[in-house]
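Okay, so here's the structure we're looking at.
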Amino acid sequence: MTQRKVRVRFAPSPTGALHIGGVRTALYNYLFARQHGGEFIFRIEDTDSSRFVPGAEEYILESFRWLGIPFDEGVSFGGDHGPYRQSERREIYKEYVRQLLDGGKAYYAFDTPEELESKRKEVQNFQYDASTRGMMRNSLSLPEAEVERLLSGGAQYVVRFKVEPGEDVHVDDMIRGDVVINSSILDDKVLYKSADELPTYHLANIVDDHLMEVTHVIRGEEWLPSAPLHVLLYRAFGWADTMPKFAHLPLLLKPDGKGKLSKRDGDRLGFPVFPLEWHDPKTGEVSSGYRESGYLPEAVLNFLALLGWNPGTDQEIMSLDEMVRLFDITKCSKAGAKFDYVKGLWFNREYILKKDNMELAPAFDKILRQNGIEAPMERVAAVVGMMKMKKINFIKELWPLCDFFFIAPETYDREDKFVRKNWTGTAAADMAELAALLEGLDDFSVEGQKAAVDRWAEETGRKPWNPWRVALVGTGKGPDMYELSAFLGKEETLRRMRKAIDILK
Ligand code: GLU
């Protein structure tokens, strides 16, 4: 068999917001495609019209745009294996359903929902399979003429897959190895419904993976139980030779306790489970998103990459390119990965420190505007640069730490511990002297001030820095004094100092 070009896909159903676990699935597919020089497809699996939610597809696309994960082909990206939206591929699926029926691999079933319901009541643990299909109404149990009559009379039917019992089915999984399931535990899954003339997930998924030449199926662990059926379907179609390799990713688990991560855990502990804020069109409920909460997309991707995989070293911070280089699907864990959202905060902090201040500035500018402040972007960036090392998780946390850059202290709180301790006997006189010194400086840069003030302080034995901070900030916070005064400029620095002398005396 010739080596096929690696092609993987992310195939969400547009049933609501994209869960953060889905983002990790897409990320792993992307890393795998990139590192193999392959292609990454975006397919929409919307054959279950009852679960369709308007806006979900656009939401998913917007999420990946924000995260910076590009697709090579698919819905909205084009490509020559389209259409990529399953609801636009009805005619294709019909042809393949017919192929299975003609080959005796599938059959018509006419049982009504009521009939199925009463069978379930009658037979304990009822399953539609080789042991029960004989007592149901289908093209295997009914006389041929009756089947003809039903079909030509327009009776509603489904097409079921005919699973042969008693066979060990092997799923070759890149993470889990050889997963073996006996076909006797599988039921005759519905592949197609005449009522809406649409295939079910299983059929559409297999047909599309085949036609789109998908080589590797990387998806969440919740799909592992479907995998044996998928293997049997590939074989029934005669496509065993080009069957994709599977990788079922570990579940994302609750940060605390047992069980899988749910939206309720996020609500309870205060972290988003969706990439973007989601407005549920049915309930009107608004759910928080990583973007709106102030996470950087790079931080989210880095955090997610390490949920279920690690490079085998202590390295935690890695760019997308490094992830592409280091990622190894076979080294993913089989056991679920705890969703340690506190670690997510740490990643965001680290990425804020790494990121260029000018790129961070717009986010802080937005908050400044909300507080009625307009400043040139270079000055906003300068403040971010001076203050971001103060252990902030989010840019929005900067505001209470650095309002004084933009707003001069109006009054001075004598009860403030820092003011009381540092504005003592000689403070006013010291500040007057310092102000005179600064006024005479030509070079008001950090270095220029530092040289002059340090010399003066040494010669006179003065310690002006804390009272100076009281004058410029009003309390004991902020960056290095020279950085602050250089930012404020000579005029504003002197104005604040004189005002403090005046008020505090
Ligand atoms: N439509 C499925 C989903 O919503 C795709 C599962 C698969 O990748 O096979 O996740």
Side-chain angles (χ1 to χ4, degrees), residues 349 352-353 357 360 364 367-368 371-373 375 378-505:
R349 200 154 69 223
I352 286 176
L353 287 176
N357 297 329
L360 294 168
F364 189 46
I367 291 158
L368 290 179
N371 286 282
I373 288 161
E378 293 75 33
R379 282 178 75 72
V380 177
V383 171
V384 171
M386 280 184 268
M387 299 302 286
K388 69 180 185 179
M389 60 288 283
K390 303 268 169 186
K391 286 200 182 302
I392 49 156
N393 292 330
F394 301 107
I395 288 295
K396 63 187 171 217
E397 291 170 7
L398 280 176
W399 171 245
L401 298 178
C402 47
D403 47 354
F404 57 86
F405 281 100
F406 306 97
I407 306 172
E410 276 305 315
T411 56
Y412 297 86
D413 179 5
R414 286 174 195 278
E415 295 311 306
D416 181 283
K417 227 168 103 195
F418 187 83
V419 175
R420 216 172 41 198
K421 203 163 150 239
N422 293 295
W423 195 276
T424 49
T426 61
D430 291 353
M431 283 307 104
E433 243 182 85
L434 177 60
L437 173 74
L438 294 173
E439 190 165 22
L441 284 184
D442 290 330
D443 178 3
F444 210 71
S445 70
V446 172
E447 298 73 26
Q449 292 184 69
K450 190 170 162 47
V453 175
D454 282 1
R455 184 162 4 94
W456 168 75
E458 206 185 333
E459 282 168 12
T460 61
R462 300 266 167 67
K463 290 208 163 49
W465 298 283
N466 283 351
W468 194 17
R469 186 176 298 281
V470 171
L472 298 193
V473 178
T475 186
K477 64 181 181 185
D480 172 74
M481 284 311 297
Y482 301 120
E483 285 193 34
L484 174 58
S485 57
F487 175 86
L488 293 176
K490 190 193 275 189
E491 197 183 322
E492 175 67 5
T493 298
L494 293 177
R495 200 182 66 74
R496 289 190 188 187
M497 289 173 79
R498 287 183 179 132
K499 186 164 155 199
I501 295 169
D502 215 36
I503 296 180
L504 287 166
K505 290 286 185 328

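Just so we're clear, the structure is a prediction, and the values are computed from it rather than from any experiment. Any value given below was found using the heavy atoms of this structure, including those in side chains, with hydrogens, waters and symmetry copies removed.
A donor-acceptor contact closer than 3.5 angstrom links the side chains of Trp465 and Tyr482.
In this structure Arg455 satisfies the side chain to side chain contact (heavy atoms under 4.5 Å, CB included) test together with Glu459, sequence neighbours excluded.
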Tell me which donor-acceptor pairs under 3.5 Å the side chains of residues 428-442 have, and how far apart each pair is, sequence neighbours excluded?
residue, atom, partner, partner atom, Å
Asp430, OD1, Arg462, NE, 3.1
Asp430, OD2, Thr426, OG1, 3.2
Glu433, OE1, Trp456, NE1, 3.2
Glu433, OE1, Arg462, NH1, 2.9
Glu433, OE2, Arg462, NH1, 2.9
Glu433, OE2, Arg462, NH2, 3.2
Glu439, OE1, Arg498, NH2, 2.9

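Nearest heavy atom pair, residue Cys402 against residue Phe364, reads SG-CZ, 3.7 Å. In terms of heavy-atom proximity, Lys421 sits nearest to Thr424 at O-CG2, 3.5 Å. Heavy atoms only, all atoms of each residue included: Gly478 and Lys390 are closest at O-NZ, 3.5 Å. Nearest approach of Gln449 to Ala486, heavy atoms of both residues: NE2-N, 3.4 Å. Minimum heavy-atom separation, Ile392 to Arg349: O-CG, 3.1 Å. Counting all heavy atoms, side chain and backbone alike, Ala471 lies closest to Met497 at CB-CA, 4.1 Å.
Put simply, CD1 on Ile352 and CG on Leu398 are 7.5 Å apart, with the number rounded to the nearest 0.5 Å. Rounding to the nearest 0.5 Å gives a distance of 5.0 Å between CG of Leu472 and CG of Leu484. The distance from atom CE of Met481 to atom CG of Leu488, rounded to the nearest 0.5 Å, is 8.5 Å. Distance check: Phe406 CZ to Arg379 CZ gives 7.0 Å after rounding to the nearest 0.5 Å. Remark: Met387 CE to Phe405 CZ distance equals 5.0 Å, nearest 0.5 Å.
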Could you go through Leu504 and Val470, starting from their C-alpha distance and side-chain angles, then the distance that decides it, and tell me whether this counts as side chain to side chain contact (heavy atoms under 4.5 Å, CB included)?
CA-CA 10 Å; Leu504 287 166; Val470 171; 3.9 Å; yes
Applying side chain to side chain contact (heavy atoms under 4.5 Å, CB included), run through Asn422 and Arg469 and close with a yes or a no.
CA-CA 9 Å; Asn422 293 295; Arg469 186 176 298 281; over 6 Å; no
Set out, in order, the CA-CA distance, both residues' side-chain angles and the distance that settles side chain to side chain contact (heavy atoms under 4.5 Å, CB included) for Trp468 and Thr493, then state yes or no.
CA-CA 10 Å; Trp468 194 17; Thr493 298; 4.1 Å; yes
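Counting only distance, with no hydrogens or angles, the side chain of Lys417 and the backbone of Gly476 share no donor-acceptor pair below 3.5 Å. Side chain of Lys477 to main chain of Pro400: a donor-acceptor pair is present (N/O by atom type, distance under 3.5 Å, no hydrogens or angles). Not one N or O on the side chain of Lys396 forms a donor-acceptor pair closer than 3.5 Å with the backbone of Ile367.
Checked against the 6.0 Å centroid threshold, Trp399 and Phe394 do not count as a close aromatic pair.
Residue pairs meeting the ring pair (Phe, Tyr, Trp, His ring centres under 6.0 Å) criterion with at least one member in residues 428-453: none, sequence neighbours excluded.
Ionic pairing of Arg496 and Glu492 is present here: one or more N-O contacts between side-chain nitrogen and carboxylate oxygen are shorter than 4.0 angstrom.
Glu410 is listed as a side-chain neighbour of Lys499, based on a closest heavy-atom distance under 4.5 Å.
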